[in-house]
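What follows is one structure encoded as structure tokens, with my remarks underneath.
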Amino acid sequence: MHLQQLELLARLFGEDGPLNSAAWEDASVRSGWVEGVHSMVQHQSALHFICSGGGIDVIFTLQGDPSLFVASAACRLLVHLLTLSVGSELTVPLNAKDCDWPACAHMIIRHIEESLQSSSASHIKQSLKLLTSLFGSCQAPWTKVLWLGMAKQVESFLTEDSVQAQHILADLLLNMARSPVFHDTEGSFWALVTSALEHLTPVQSSPLAVGILRLHRCPQVVRIKALTVLLQPMDCILRAAFQPLEYAGLLDESVSDPSAVESLLSSKSSCASLLCQTLAHLEELLSVVFLPVNLPYASLLRSVVTILQFCNGLLIPASPLGSKISQILVGCFRVQKSALDALAALSDRKCSDTVVGSLFDVLLAYLESPNTTPTVLKKSFKAMSKWLMSLPGMSFFKNQQQTEKTLQDVFLVLQKRLCSPCWEVRDSSLEFLTNLIRNLRDHDEFRQSLLSSEVPKLTENLLEDPESYVRASAVTAMGHLAFITYFFVPESPVAGNQYNKEKTVAKLQEILSTDPEGFPRRAVMNVFTMWLKESCTGQLEETEQFVSTVVQTTAHDLDWEVKLGCLELVQIFCNHMFCRFGLPECPYAPISSAVTSSICQNEPLQIFCRANLFSFLFRSLCDCDKPVGQKACDILLALKSHFCQSSTTDLQGPGDLSAGHGVHWLQGTLRQGSLVQNFPTDDGNGVDFQDPESMMLALRTIDLVELHNDLNKCSDYVEKSPQSLLEDILATVGTAEENEADCY
């Protein structure tokens with residue numbers, strides 16, 4: 001009220017105030033004005049002020065603003081004003097004529113009706129967008145009454161080419177179809193949806209069709225028509241490729257004139273766009289877990305394979321339309337990528353040997369072709385791996401020889417691709433190999449085909465690749481390959497000494513210590529962690545030595561992600577040791593008196609000391625990268641809970657004086673937040689990280705909870721404000737005048 005009395009609100013948000021300002025020419029000012037109104041209008045008095053003071057007319061004008069951001073914000077604001085104005089006070093009448101709308105709502109609704117009846121196409125589109133936004137955000141019963149007053153006018157736009165708002169109509173109808181208000185509209189609304197599916201072009205109706213097919217509450221007849229619209233281009237592809245049709249088509253009849261689809265597919269400017277849109281919509285539907293409609297998967301798969309054959313020149317069409325489509329699609333990367341994505345999405349559907357055979361033939365042709373781009377090749381690998389993994393028991397075909405032949409062909413192609421001069425191709429090939437091993441290593445046919453090929457040797461060679469991404473992928477592939485070469489079949493004559501465990505471990509440790517790039521070193525840490533999780537690092541003594549070596553190597557690494565990976569390795573090792581010696585993996589689980597004997601507790605402690613874990617953990621506490629310190633603190637807190645919660649009296653004494661002095665120094669160093677280089681390289685300060693008694697004393701003495709809280713504090717915990725942020729920025733870049741201006 002005070003602001004209104006000062007006429008400040010009228011100058012800012014009235015009809016004349018903002019329009020007379022020179023700043024109004026700036027789109028950001030207009031956008032800020034709209035957002036300001038949106039924030040202000042949260043109650044009826046503010047709503048009344050905007051509607052009575054002329055501000056509503058400014059908002060109507062901003063609907064057609066040249067800035068899309070401003071126009072969109074104005075549309076959202078009108079929806080907000082309308083829903084706030086109507087609220088829950090309106091008693092919903094039987095029809096729109098009897099409805100007594102509140103004043104502000106009446107102004108907006110009258111504006112929508114006048115715009116829809118105007119001859120201006122831009123005004124019609126603005127109102128249709130407003131209705132689309134309204135029905136998408138509000139599902140109150142009064143929206144049905146609002147619609148009944150405008151339905152006839154909106155329906156007329158389906159057949160009016162002068163308006164060119166068909167794509168907005170599709171969005172509007174889809175938002176309405178999602179609203180429960182229109183689920184029981186006596187068939188009139190669904191009749192309009194059916195009419196839209198029949199009158200809109202294939203490109204315009206496809207988004208509406210796919211949205212309808214995802215609805216669980218929809219008349220069956222409308223769902224069938226939507227499915228027919230979506231499948232028309234795929235059906236046309238099959239009929240154009242095969243004359244007479246060798247297999248069952250996708251459709252028995254069309255919902256609209258099929259010549260429209262044929263015309264689009266025979267045009268170079270529209271063929272690829274229509275197919276990419278259709279394939280993307282199919283992939284979207286295939287990703288839905290509970291789809292309320294049954295798709296003809298076998299025919300869809302044939303159609304997708306046929307498109308890929310067209311794109312690669314593998315098919316001689318049997319019709320003039322097929323020849324035209326083939327000429328357009330040959331070498332079309334956009335369609336290739338969309339079809340391969342759809343093919344991968346179809347991988348979990350059952351189909352016949354004939355279809356699977358042609359599918360693998362097409363994929364192998366793409367993998368072999370020198371014309372396949374790296375991006376298309378990557379998608380081909382993805383589709384191939386998904387189909388190889390989807391068929392149960394590696395039984396691609398009823399004929400076992402055919403299965404073995406397919407695997408041999410796959411690895412022959414992979415051998416060539418691993419030697420490609422293009423690093424993206426080598427990288428994708430290694431990722432494909434890793435994915436196959438991860439999912440198919442339990443199958444004898446797969447292991448035999450892989451080990452009898454040159455793929456393992458070529459993969460090992462790529463550990464020396466000049467490209468760091470490829471070296472990292474090679475490390476990951478070798479890590480998974482180890483499960484086949486010596487973890488699963490240590491006595492296999494195929495594996496031999498060429499792929500022995502010691503050689504692989506030594507090579508990966510060399511990469512961890514010497515590779516100049518971070519990606520390969522991170523990959524090594526991931527592999528070592530994976531091996532330790534799978535208990536593939538040998539007996540206790542071997543595992544202890546393995547972890548100790550990795551920890552000592554990683555302690556001097558400058559890459560924080562490598563250190564973080566090593567800390568995860570340490571955490572897994574600690575859990576394994578606790579399980580091995582009868583201690584629970586969870587530090588807070590109850591422990592029996594027998595288990596808490598000093599013998600059981602001291603053995604893991606001695607192992608951790610010998611493996612240099614405490615040295616690495618305490619140094620990591622003061623690492624300059626906060627995630628490293630946080631992880632190290634979490635592990636130390638867990639160790640403290642294991643070793644100190646039920647400590648026996650003989651471990652609670654003051655201990656050796658030198659040990660106490662070293663722990664006191666360590667505690668002070670940690671409190672200062674000193675960096676890693678401040679730690680001693682030997683026991684000059686009396687800190688012996690390999691002495692169990694000193695480490696037990698350190699765990700019991702040092703306030704790790706306080707350190708944990710400090711590490712979890714944000715850098716701005718002292719003061720969090722725009723001013724402090726600006727001061728931080730200025731302190732970083734200097735206080736030159738131009739920097740100050742930029743910051744503020």
Side-chain angles (χ1 to χ4, degrees), residues 544 547-548 551-552 555 566-567 570-571 573-575 577-578 580-589 591 593 595-623 628-711:
E544 179 186 333
V547 172
S548 177
V551 164
Q552 291 182 68
C566 188
L567 286 168
V570 168
Q571 189 174 40
F573 177 65
C574 292
N575 290 335
M577 291 302 100
F578 289 137
R580 183 184 183 93
F581 288 96
L583 290 171
E585 195 168 323
C586 173
Y588 306 107
I591 305 176
S593 58
V595 172
T596 56
S597 66
S598 59
I599 297 176
C600 289
Q601 284 201 343
N602 278 339
E603 185 64 25
L605 182 63
Q606 291 171 7
I607 292 173
F608 298 159
C609 289
R610 289 198 302 267
N612 296 291
L613 298 195
F614 286 107
S615 173
F616 178 63
L617 289 170
F618 280 114
R619 290 171 187 271
S620 297
L621 272 181
C622 294
D623 195 272
V628 175
Q630 290 172 325
K631 183 71 172 179
C633 196
D634 290 338
I635 297 173
L636 285 168
L637 279 169
L639 294 178
K640 182 172 185 174
S641 298
H642 276 295
F643 292 125
C644 300
Q645 64 176 349
S646 301
S647 299
T648 52
T649 55
D650 63 308
L651 292 174
Q652 293 177 350
D656 184 18
L657 291 177
S658 61
H661 171 74
V663 170
H664 178 72
W665 174 88
L666 178 62
Q667 188 174 18
T669 304
L670 293 173
R671 281 177 176 170
Q672 295 170 10
S674 300
L675 298 179
V676 176
Q677 54 263 34
N678 288 339
F679 276 88
T681 55
D682 50 25
D683 57 352
N685 279 301
V687 183
D688 187 355
F689 291 108
Q690 291 187 313
D691 175 43
E693 186 177 357
S694 296
M695 291 302 98
M696 182 68 85
L697 183 61
L699 288 175
R700 194 182 306 117
T701 305
I702 296 172
D703 192 347
L704 293 170
V705 175
E706 182 184 359
L707 283 171
H708 185 269
N709 293 336
D710 289 340
L711 286 167

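As the structure is a computational prediction, the values presented were derived from the model and not from experiment.
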Nearest 0.5 angstrom please: I635 CD1 to Q630 CD, how far? 12.5 Å
Sub-4.5 Å side-chain heavy-atom contact between M696 and C644: yes
With rounding to the nearest 0.5 angstrom, report the CG to CG distance, L636 to L707. 9.5 Å
If every non-hydrogen atom of L621 is compared with every non-hydrogen atom of A632, which pair is closest and at what distance? N-CB, 4.1 Å
Between CD of E693 and CG of L605, what distance do you get to the nearest 0.5 Å? 10.5 Å
Out of curiosity, F608 CZ to Q690 CD, how far, rounded to the nearest 0.5 Å? 14.5 Å
Just jot down the side chain to side chain donor-acceptor pair (under 3.5 Å) partners of N709, sequence neighbours excluded, or say none. none
Atom CE of M577 and atom CG of L613: how far apart are they, to the nearest 0.5 Å? 10.0 Å
What residue pairs, at least two apart or across chains, pass salt bridge (Lys or Arg N to Asp or Glu O under 4.0 Å) with a residue in residues 604-614? E544-R610
Mind checking what makes side chain to side chain donor-acceptor pair (under 3.5 Å) contact with S548, not counting sequence neighbours? Q552, N612
Validation row: F689, C609 side chains within 4.5 angstrom (heavy atoms): no
Heavy-atom donor-acceptor pair, K640 side chain to L699 backbone, under 3.5 Å: yes
Please report whether the ring centroid of F643 lies less than 6.0 Å from that of F578. yes
Atom of L704, atom of C633 and distance for their closest heavy-atom approach: O-SG, 3.5 Å
M695 CE to D688 CG distance, which is reported to the nearest 0.5 Å: 7.0 Å
Which atom of A698 lies closest to which atom of F618, heavy atoms considered: CB-CZ, 4.1 Å
